[in-house]
Amino acid sequence: MPHIDIGDLKLPAQYNTLQQGLFDEIRAKIVHGLWATASKLPSTRKLADELQVSRNTVSAVYEQLVFEGYIESRKGSGFYVSLELPDHYLPDNDCKTSIAVSPIQQIKNHSFAPGVPDLSELPLKKWQRYLQIHASRTAILGSHDVQGCYELRQAISDYLSASRSVICNANRIIITSGAQQALSISIMATMNATDTLLLEYPGYVQMDKVAKLFNIDKQHVDVNPFTGLNIEQLLASKAKALYVTPSNQYPMGTTINTEQRLKIIEWAQRNNSWIIEDDYDSEFQFAHRPYTSMQGLAGQLNLDKHVIYVGSLSKVMFNGLRLGYMVVPEHLVARCNEIKDALSGDSPAHMQYALADFIADGELLRHIRKMRRLYKQKHQLMTQAIEQHFGSNVEIISQAGGLHITLRWLGGLDEETLRIKALKHGITVRSLSYYEPDGNKGRTWRGIVLGYGNTPLDSIDVKIAQLADCFFS
Ligand SMILES: Cc1ncc(COP(=O)(O)O)c(C=O)c1O
């Protein structure tokens, strides 16, 4: 295995940040072929000593190089120049078909970008095999049932009834393009232009966008960092539908307990309203068993006719799959199918059949179990690192679950200033104000959301230390 001579690596005379300067230098060596593919890079300690910089800086640079595909990390062995360079940095004479990773895509998947699961842990070889099997089936090349392929609906139905106590069967499930399409269909199937939609506040911006798109009148239900959803406010409303994330409120990370859930279900019955339950990451609870879904609880009271249950494969598989689903009462199925037909027609067949087999063979459950352990570990490291580097200057308000941590602090640094500073170090965080599209309503504290799903275990401490530097400097 060739090793690299670091004698010729110098920090550039000018750079914006030390980290960026070092990153550019190493990348240039690799791109110009001066450091051969498969060569071993010096350890972070050795390079830090050689260049007289901190080991944290070198680790952060290596992590960014791994993220962008220039080098690879091999467990227990070190870092190596990648065998295949990212396409967008190859000389571009004959790479018309190369797929560039756009800056937006990079920022959306950076360390701490919320909403991204650990993409490196996906059993890609297995997944590829399932895709290959169905890719060569002439029989499925034609048009398909707009509701989604039956095998996938059946597999999801089995999974949801066993793991989330959802009351369903394959006929009540509609396969959608991510939870996002399910949210649009839910609104179009249940609301008129004169109806009001209740939204959690702060809340999921992608749902606010749907309300805006359809020009639906909105009301907000406040979410308090400690007491969660303001049930009294909700009970006083006559809205036609409530959008809610009861397992893990997005972005505050609070949950709704059974007593409160029952009150919400009674409210829906009394007003003849809908509950749109978004159960996007309930699989990942670390401190306790997840609550039964609201749909399942309503079903025990024969009230599931008021609930639309929405789920996604984005967290348990990967975002780019763009598959989600909704479970609706029987009488709403035909209307939802009509809407989906008009919006997008049927969903990609190969993906659906591959996913159906993946679930039916137990691969999804295996993957979820493995990821639950890994995310629990990441969550612990995050909380330890936050305690160590921020001390008592910030407070974690989210529960031990899901793929994000929500931090708050009183006074001091503005959350947008912190976000922009962090971005310069390749760290993407979200300000809490992002989740308040109609203004912060006099909130006196500041907060950010940190997604840790796709941040490698061994860079959590370094990244939190860098974020703390941005916070205190
Ligand atoms: C609250 C919430 N709902 C749903 C989703 C999943 O959406 P989709 O399936 O469209 O990727 C996310 C993803 O980040 C989310 O945060």
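Counting starts at 1 for both ligands and their atoms, in listed order. If you read the sequence from its start, that first residue is 1, and numbering goes on from there.
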Row check, Y353 ring normal vs R137 NZ/CZ: under 6.0 Å, within 45°: yes
Expected output: side-chain N257 to main-chain Q260 donor-acceptor under 3.5 Å: yes
Contact check: Y250 vs ligand 1, nitrogen or oxygen atoms, below 3.5 angstrom: no
Nearest-neighbour protein heavy atom for atom 3 (N) of ligand 1, which is reported as residue plus atom name and distance: D278 OD2, 2.6 Å
Element-labelled atoms of ligand 1 that are located less than 4.0 Å from some non-hydrogen atom of S314: 8 (P), 9 (O), 11 (O)
Nitrogen or oxygen atoms of Y243 and ligand 1 under 3.5 Å apart: no
Sub-4.0 Å heavy-atom approach of Q181 to ligand 1: no
W274 side chain to K305 backbone, donor-acceptor under 3.5 Å: no
Check: Y280 N/O within less than 3.5 Å of ligand 1 N/O: no
N or O contact, S177 vs ligand 1, cut-off under 3.5 Å: no
Close N or O approach (R322, ligand 1; < 3.5 Å): yes
Any N or O of G178 closer than 3.5 Å to N or O of ligand 1: no
Atom 16 (O) of ligand 1 - nearest protein heavy atom and its distance: Y204 CE1, 3.4 Å
Pair N248, Q399: side-chain N/O donor-acceptor within cut-off below 3.5 Å: yes
Which of the ligand 1 atoms, numbered from 1, are nearer than 4.0 Å to a heavy atom of Q180: 10 (O)
Nearest option to atom 13 (C) of ligand 1, as decided by whichever heavy atom of K315, Q206, E200 sits closest: K315
Geometric cation-pi criterion K126 and F358, 6.0 Å radius, 45° cone: no
R129 to W127, cation-pi by 6.0 Å centre distance and 45° axis angle: no
Closest protein heavy atom (residue, atom, distance) for atom 6 (C) of ligand 1: S312 OG, 3.6 Å
Heavy-atom gap N319 to ligand 1 smaller than 4.0 Å: no
Flag for R430-Y435: side-chain donor and acceptor within less than 3.5 Å: yes
Check ion pair K218-D438 (N to O, under 4.0 angstrom): yes
Note: D118-K378 ion pair, threshold 4.0 Å (strictly below): yes
